[in-house]
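Keep in mind that the numbers below use all heavy atoms, side chains included, and drop hydrogens, waters and symmetry copies.
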Amino acid sequence: MDVDGKGDSMDELKILRITTLDDDDEDIAVDEDNNEDDDEDEEEEEEEEAVILGFVEKPEHSWSLLRQQFPSKAGGVPAWLDPDNLPSGMSCVCDICGEPLQFLLQVYAPLVEKDSTFHRTLFVFMCLSMKCLLRDQHEQWKCHPEKQSRSVKVFRCQLPRTNPYYSSKPPEGNAADKPLTPGAPLCNWCGTWKGDKFCSSCKVARYCSQKHQVMHWRLGHKLECQELSLSPQSSDSSVCHGGIGQIKAPKVASKSLWQEYEMKNEHESEYDTEMSGDEGHTDNSFITRNRVDDGLKSLMDNFEGDGDKKELGFLPRADSQGS
């Protein structure tokens, strides 16, 4: 606190007007009479708005996160809704450092009122550098829309019910569900962006960027490349990496992807009712009913170390039965 300004503060206190509670009540009563109708309208609108909460859980089945199941998920690789028309060019990289962005999460949020948004998914990507994230935040505070540099990007994809990629019928919710088309080939390193670049030697491995090609070469593809070059089935391998194989989960060489979780949705009212009936419930939804979730400690550990290499962790949902 500034000591020199103490005298000014005392002078301001001397001229303050002290009113009784009755005076305040009268003023409030007048305002309530004037805005009574508006308040009722606002309350009706608030009651109609439903809040949906998302909880991450380990998937029971690997097929539940494939794109033909229209999943909401966090970590791993994206399950692209439109497997052909993917973001490309500068859209895939951090605007600050120029490195390819990493997949964070996706949310399936259809708007069935319109045919064009019968299927609708939002995808979130971010840069791995904490320096870029902080700079992005700082530039947003400056509010300069003419010079936007983003290290976190959100993409929206939507399809009508009748489309070339999926059946117009709802999925059965089992491993028998298949998409109608295989989709574009993806990067063998990150499994995220379109693999429009080939390895010049084996002509099989695909990459989204030169950096990912170099990283894959140093961490194993150098030996694999020689085997693929000598294999008579090399010409067919490209189909497995970028075509029919994408009906299943893509094989990714990178070990730096975040752990994969399935995102379960639940209405806030149902969650509040569930938690209110539990004697062991606390105010922190990331704490289980009987013990502190170990995921909280794991998340904090992920943020320790080199400031430019801090990674993000996901907290699993509190166990409804405790453990």
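- Formation of a donor-acceptor pair under 3.5 Å by the Glu260 side chain with backbone atoms of Ala74 is not found in this model.
- Salt-bridge annotation for Asp95 and Arg150: absent, with no side-chain N of the basic residue lying under 4.0 Å from a carboxylate O of the acidic one.
- Distance alone, capped at 3.5 Å, places no donor-acceptor pair between the Arg120 side chain and the Pro110 backbone.
- Between Phe70 and Tyr166, the gap from one ring centroid to the other is short of 6.0 Å.
- Under 4.0 Å is where a charged nitrogen must lie from a carboxylate oxygen, and between Lys222 and Glu224 no such pair does.
- Between Tyr165 and Asp82, some side-chain heavy-atom pair lies under the 4.5 Å cut-off.
- Atom CG of Leu122 and atom OG of Ser72 lie 9.0 Å apart (nearest 0.5 Å).
- Listed for the Lys153 side chain is a donor-acceptor partner under 3.5 Å among the backbone atoms of Val93.
- Ring orientation note: the planes of His212 and Trp189 are tilted relative to one another, at an angle of 30° to 60°.
- The distance between the ring centers of Trp193 and Phe125 falls below 6.0 angstrom.
- Taking the ring centre of Tyr261 as origin, the terminal cationic atom of Lys73 falls outside the region bounded by 6.0 Å and 45° from the ring axis.
- Follow the hydrophobic side-chain contacts under 4.5 Å out from Leu65 and you never reach Leu104; the two are in separate clusters.
- Within the 3.5 Å criterion, the main-chain N or O of Ala205 finds no donor-acceptor partner in the side chain of Asn188.
- Once rounded to the nearest 0.5 Å, the distance linking CG of Leu128 with SG of Cys94 reads 9.5 Å.
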Problem set entry | Check against side-chain contact (heavy atoms from CB on, under 4.5 Å), Trp80 and Cys157 | CA-CA 8 Å; Trp80 291 109; Cys157 180; 6.0 Å; no
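- Taking the side chain as every heavy atom from C-beta outward, Gln69 and Asp177 approach each other to under 4.5 Å.
- Linking ILVMFWY side-chain heavy atoms closer than 4.5 Å, directly or via other members, places Phe198 and Trp217 in two distinct hydrophobic clusters.
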